[in-house]
Amino acid sequence: MDPHAPLLQTLQTLTSVLPEKLQRPRIGIVCGSGLSGLVESFREVEMVPYENLPGFARSTVSGHKSALAFGLLGEGEGVPVVAMLGRFHRYEGHDFPTIVYPIRVMARLGVKNIIITNAAGSLNPSIPVGTIVVIQDHLALPNMTGSNPLLGPPTSPSHARFLPLSDAYSPSLRRLAFLSAHKLALPREALAEGTYAWVCGPTYETPAEGRMLRHAGADVVGMSTVPEVVVAREEGMNVLVMSLVTNFVVIPERYRSIRDEVEAELLGKKIELPKEDVVSHDEVLAVGRQKAEVMKKLVGSIVELIPTAPDLQ
Ligand SMILES: O=P(O)(O)O[C@H]1O[C@H](CO)[C@@H](O)[C@H]1O
């Protein structure tokens, strides 16, 4: 896809269907697997299906809708926001310009701060299922091995050819996440800080892959987000990422030994086997549903605080 061609048409379509007060959202939100319910706290919502928007693909993953939601969030007049109800993943077969197209649209609508959510597996024994991890850094094997979302000519002459990512995750926005958790009286363990590993998917990790990512310093792993972060940074946005831990990545301390089992069997002995978990997308969506309310409140509170932070304007 030529990423430039439809941008103007997309913007014209949005201007023609949206009331004026929703046309310049200040904050963008990306809803992860099972997290599209974030839109329930918006007021004066206008939904624009992706199929009506030139340049937009359709999401094919359950737990992801296919619409942009515009609305007002927070007390008083409310802050104009736009949310992606459904994102695009590389494993769906979308190319990178398509995956990040909605982020480029948000940037042209005037979004300066973006809150990206996702569902992720925990690699860290001290980060249990249900925790919301405020991402401080990422580990992107695809970026390092030839599948970087910025491959190819820059989409604008104003974009840096070599984008620094050491400052990708805004400390000011991360601060607002923890302040919000305090304001909402969430228990301390509801939130954690950590590093997100991006894998292509759609396979979940083997134990050896999970172990490698853990040893490499990742706390959670998922199949999205990093392309959006990279492009949001290229477009000059401040980025906050919050991962909801929906499952543990299976990393057994030692492998079940089939040889031991056979040898024991031959000696007439029985070996007690530990139960081995297998992750499923249904499990991922179920935890999303359980934690929808907390995530909604947290995002709502952060959105309300952003206009009060001078360095985020
Ligand atoms: O990252 P999001 O879109 O929240 O979804 C996560 O959940 C799916 C796997 O269950 C994958 O798409 C993974 O990336």
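All of these numbers come straight from a predicted model, not from anything done at the bench. Counting convention: from 1, in listed order, for ligands and their atoms alike.
- Shown in contact with Tyr91 at under 4.0 Å from a heavy atom are these atoms of ligand 1, numbered in order with element: 11 (C), 12 (O).
- Regarding atom 1 (O) of ligand 1, its nearest protein heavy-atom neighbour is Ser224 OG, 2.5 Å.
- For ligand 1, the atoms sitting less than 4.0 Å from at least one non-hydrogen atom of Gly32 are 4 (O), numbered in the order shown with element in parentheses.
- Leu213 has its side chain within reach of Leu141: a pair of non-hydrogen atoms, C-beta onward, lies under 4.5 Å apart.
- Side chains of Asn124 and Ser126: a donor on one and an acceptor on the other come within 3.5 Å.
- On a distance-only criterion, Asn118 and ligand 1 share no N/O pair closer than 3.5 Å.
- Taking only nitrogen or oxygen atoms, main chain and side chain alike, Gly222 does not reach within less than 3.5 Å of ligand 1.
- Taking both residues in full, the closest heavy atoms of Ile29 and Met106 are given as O-CE, 3.8 Å, listed atom of the first, atom of the second, then distance.
- The residue among Arg90, Arg87, Met223 with a heavy atom at the shortest distance from atom 13 (C) of ligand 1 is Met223.
- Within 6.0 Å of NZ in Lys296 there are more than 12 heavy atoms belonging to other residues, nucleotides or ligands.
- For a threshold of 3.5 Å applied to N or O pairs, the pair formed by His281 and ligand 1 contains at least one separation below that value.
- Atoms of ligand 1 lying under 4.0 Å from at least one heavy atom of Tyr204, given by number and element, are 9 (C), 10 (O).
- How far OG of Ser301 is from CD of Glu75: 10.0 Å, rounded to the nearest 0.5 Å.
- Of all protein heavy atoms, the one closest to atom 3 (O) of ligand 1 is His89 NE2, 2.7 Å.
- Other residues, nucleotides and ligands place no more than 12 heavy atoms under 6.0 Å from the CZ atom of Arg259.
- Heavy atoms only, all atoms of each residue included: Thr15 and Leu11 are closest at OG1-O, 2.7 Å.
- Residue Ser33 has at least one heavy-atom neighbour below 4.0 Å for each of these atoms of ligand 1: 2 (P), 3 (O), 4 (O), 5 (O), 6 (C), 7 (O), 8 (C).
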